[in-house]
Amino acid sequence: MKIVTWNINSVRLRAPMVVKLMREEAPDIICLQETKTMDEFFPRDVFEAEGYTHIHIAGMKSYNGVCILSKIPFTQTDIHSRVGKEDCRHVSVSLRSPSGSQVTYGGIPSGIQKLDIHNLYIPAGGDEPDRDINEKFGHKLDFINEMRDFFAANYTANDNVVTLGDFNIAPREHDVWSSKQLQKVVSHTPIEIEHLSNMADSIDWQDAVRHFVPDEEKCYSWWSYRNRDYTKSNRGRRLDHIWVTKPLISRLTSYRVLTEYRALEKPSDHVPVMIELA
DNA sequence: ATGGTTGGTTACCAA
């Protein structure tokens with residue numbers, strides 16, 4: 001089972017790039033962030049025509065917006081409001097057998113009876129990393145705390161759960177081009193990293209990409225638009241993540257960060273990140 | 001310390 005996360009930065013503008021991803025990589029499940037459109041304008045038919053007939057959307061005008069596109073049917077879908085706002089930053093789906101038998105995949109029992117997927121678009125947090133003068137930063141920290149409590153309240157570390165999305169935090173030294181120069185830059189500050197670490201502790205989340213990529217190796221999923229040539233300076237950050245619970249670790253068979261998508265004509269500033277679960 | 005670019009909406013906001 002291939003699962004992708006991608007901040008698409010306007011799903012209407014870049015639906016053709018999603019179709020390219022569908023045709024070339026054939027993921028089973030694609031989770032998008034920053035779709036930036038109301039549900040009535042979501043290009044549902046374009047994706048249905050590619051075989052992604054199970055679509056769960058939470059969109060709004062202009063900002064945010066998340067969705068899950070799937071070849072596999074859902075048994076439950078939820079839209080979660082976070083930090084008292086209906087701002088379309090968290091959707092989830094369940095894949096499970098109502099009879100209690102195993103979820104089948106290609107007609108074959110998977111050995112799993114239940115798998116939940118949570119797609120998150122964590123607030124970017126503004127420019128100033130101080131909640132007393134920047135309420136966006138406070139919103140970001142509160143959002144992460146709420147996710148920590150949500151996971152702790154709804155799951156145990158033995159459940160099969162995936163959470164992924166644009167977390168807007170690059171937590172590790174080699175998730176950024178220069179950890180030293182980004183200490184006070186929102187996305188890499190110690191306070192954000194500590195909050196994200198607490199969220200990870202909730203049900204012992206495991207970083208699926210760092211499962212494959214050594215700690216000392218640079219790994220990025222985002223490059224700013226504010227550079228003439230993103231390849232020259234290569235000042236990237238790993239803002240997009242896929243986490244799995246411990247029972248799924250032994251099923252992880254591969255990962256990919258599709259960096260070539262940053263070089264397309266009119267690209268998103270984020271690239272797709274994919275894992276494969278046996 | 002500053003400004004650099006993009007998307008959505010449509011006169012700036014968010015990233």
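None of these values were measured; they are calculated from a predicted model. Only this structure's heavy atoms are used, side chains among them; waters, hydrogens and symmetry mates stay out. We name chains A, B, ... by the order of the sequence lines, and we start the count at 1 in each one.
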A:Thr5 and A:His241 side chains, donor-acceptor separation under 3.5 Å | no

When the distance from CH2 of A:Trp223 to C1' of B:dA15 is rounded to whole Å, what number comes out?
-> 17 Å

Roughly how many Å is it from CG in A:Asp269 to P in B:dG4, rounded to a whole number?
-> 18 Å

Please write out which residues are connected to A:Leu239 in a hydrophobic cluster, directly or through intermediates, given that two of Ile, Leu, Val, Met, Phe, Trp, Tyr count as joined at side-chain heavy-atom separations below 4.5 angstrom.
-> A:Trp222

By side-chain contact (heavy atoms from CB on, under 4.5 Å), which residues pair with A:Ile249, not counting sequence neighbours?
-> A:Gln206, A:His211, A:Val244, A:Leu252

At a cut-off of 3.5 Å, list every protein nitrogen or oxygen paired with a nitrogen or oxygen from nucleotides 9-14 of chain B, distance to 0.1 Å.
unit_1, atom_1, unit_2, atom_2, d
B:dT9, OP2, A:Arg12, NH2, 3.3

Value in whole Å for how far the C1' atom of B:dG7 lies from NE2 of A:His270 = 12 Å

Atom-pair distance (CD on A:Gln33; C1' on B:dG7), nearest Å = 16 Å

Indicate, with a heavy-atom threshold strictly under 4.0 Å, whether A:Arg235 touches base, sugar-phosphate, or nothing.
-> nothing

Cation over ring, A:Arg262 on A:Tyr230, under 6.0 Å and within 45°?
-> yes

Grab the OH-P distance between A:Tyr230 and B:dA15 for me, whole Å please.
-> 24 Å

Test: A:Arg44 and A:Glu40 ion pair at under 4.0 Å | no

Comparing A:Pro267 and A:Gly125 on DNA chain B - which has the more 5′ nearest nucleotide | A:Pro267

Can you name the residues that form a ring pair (Phe, Tyr, Trp, His ring centres under 6.0 Å) with A:His118, not counting sequence neighbours?
-> A:His80, A:His90, A:Phe150, A:Phe151, A:Tyr155

If we take the P atom in both B:dA11 and B:dT5, what is their distance in whole Å?
-> 24 Å

Sticking with atom P, work out how far B:dT9 lies from B:dG3, rounded to a whole angstrom.
-> 28 Å

State whether A:Arg172 and A:Asp215 are salt-bridged, where the test is any N-O pair (Lys NZ or Arg NE/NH1/NH2 against Asp/Glu carboxylate O) under 4.0 Å.
-> yes

Pick from A:Val273, A:Asp166, A:Asn168: which one makes a side chain to side chain contact (heavy atoms under 4.5 Å, CB included) with A:Asn7?
-> A:Asp166

With P as the reference atom in both, quote the distance from B:dT2 to B:dT6 in angstrom, rounded to an integer.
-> 23 Å

Mapping A:Lys266 and A:Asn168 to their closest nucleotides on DNA chain B, which lands nearer the 5' end?
-> A:Lys266

Whole angstrom is fine here: how far is it from CG in A:Asp166 over to C1' in B:dG7?
-> 15 Å

How many Å lie between CD on A:Glu34 and P on B:dA15, as a whole number?
-> 7 Å

Hey, what else clusters with A:Met60 if you join Ile, Leu, Val, Met, Phe, Trp, Tyr whenever side-chain heavy atoms sit under 4.5 Å?
-> A:Tyr63

Cation-pi geometry met for A:Lys140 and A:Phe167 (6.0 Å, 45°) | no

Under the rule of Watson-Crick or G-U wobble with both distances under 3.5 Å, where | means paired to another strand and [ ] a crossing pair, DNA chain B maps to ....((((...))))

Please measure how far the C1' atom in B:dG4 lies from the corresponding atom in B:dA15, and state the result in whole Å.
-> 13 Å

Whole angstrom value for the distance that separates P of B:dG7 from CD1 of A:Ile8 = 11 Å

